[in-house]
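Remember, it's a predicted structure, so these values are computed and weren't measured experimentally. Letters go in sequence order (proteins before strands), and every chain restarts at 1.
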Amino acid sequence: SQQGEEDPQALSIQEGENATMNCSYKTSINNLQWYRQNSGRGLVHLILIRSNEREKHSGRLRVTLDTSKKSSSLLITASRAADTASYFCATAAYTGANSKLTFGKGITLSVRP
Amino acid sequence: GAVVSQHPSRVICKSGTSVKIECRSLDFQATTMFWYRQFPKQSLMLMATSNEGSKATYEQGVEKDKFLINHASLTLSTLTVTSAHPEDSSFYICSARLGTDTQYFGPGTRLTVL
């Protein structure tokens, strides 16, 4: 079953603008991860934030995590046309020695040149 | 970064035949690999967790006799779709876990069953 729910489902912005995508989840997690998927391709890992972290940066990416609200946001600054892709949040919960990811439905980001 | 490959990238088969998809971790050993299924414009649904040297753990609703998983080495897991039917047409993606948290994904296999 899906845990993460992203919003908006689709986002269209102009190159150079910032893109903010949100993800909400329902159960306790160990970490939350964001992935990018170009059309018909595999997933690329973008960033991981642990449950005891509140904010993390990686290049033009900024991710926040609010465990009290069970939500996360991904900010892409100064967007580029190449950022056009689907973005998924995925929550990780440990079951015994293993962790598995539960993906949200995804957000389609279109960056207009 | 860690690289995971899948083969084939695309396969078209007739209804009733079996199809094998390979997932390889190219530059690291993966005790655990995962198989996902993705329908067009939808999310990834975990099908099963593949552990090297032991039986795979299937998610609820996934038929283990339909989707056979073998993880015979630390760098290779295979998914066999047995007696494939048109409803099995989908995008199948594998991942390999490195460490405790990070999964590296393969490029996916597009299966079309006629």
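Under the 4.5 Å side-chain contact rule for hydrophobic residues, B/Val11 and B/Ile93 do not share a cluster. Hydrophobic clustering of Ile, Leu, Val, Met, Phe, Trp and Tyr side chains at less than 4.5 Å, counting indirect connections, keeps A/Phe103 apart from B/Tyr58. A continuous path of ILVMFWY side-chain contacts below 4.5 Å connects A/Leu61 to A/Tyr87, so both sit in one hydrophobic cluster. Note on B/Leu76 and B/Ile69: separate hydrophobic clusters, where clusters join Ile, Leu, Val, Met, Phe, Trp and Tyr whose side-chain heavy atoms are under 4.5 Å apart, directly or indirectly. A/Leu74 and A/Leu11 fall within the same hydrophobic cluster, defined by Ile, Leu, Val, Met, Phe, Trp and Tyr side-chain heavy atoms under 4.5 Å apart, directly or through other members.
Only the side chain of B/Gln38 has a heavy atom closer than 4.5 Å to any heavy atom of chain A. A/Leu48 touches chain B through its side chain: at least one heavy atom from C-beta onward sits under 4.5 Å away, while N, CA, C and O do not.
When all heavy atoms of B/Tyr36 and A/Leu101 are compared, the pair lying nearest together is OH-CB, 3.9 Å. Nearest heavy-atom pair across A/Tyr35 and B/Gln103 is OH-O, 3.6 Å. The heavy-atom pair separating A/Lys105 from B/Ser43 by the smallest distance is CA-CB, 3.7 Å. A/Arg41 approaches B/Phe91 most closely through the heavy-atom pair O-CE2, 3.5 Å. Of all the heavy atoms in A/Gln33 and B/Asp101, the pair that sits closest is NE2-O, 3.0 Å. A pairwise comparison of heavy atoms in A/Lys100 and B/Phe34 identifies CB-CE2, 4.1 Å as the closest pair.
For A/Arg80, the CZ atom is loosely surrounded, since the number of other residues' heavy atoms within 6.0 Å does not exceed 12.
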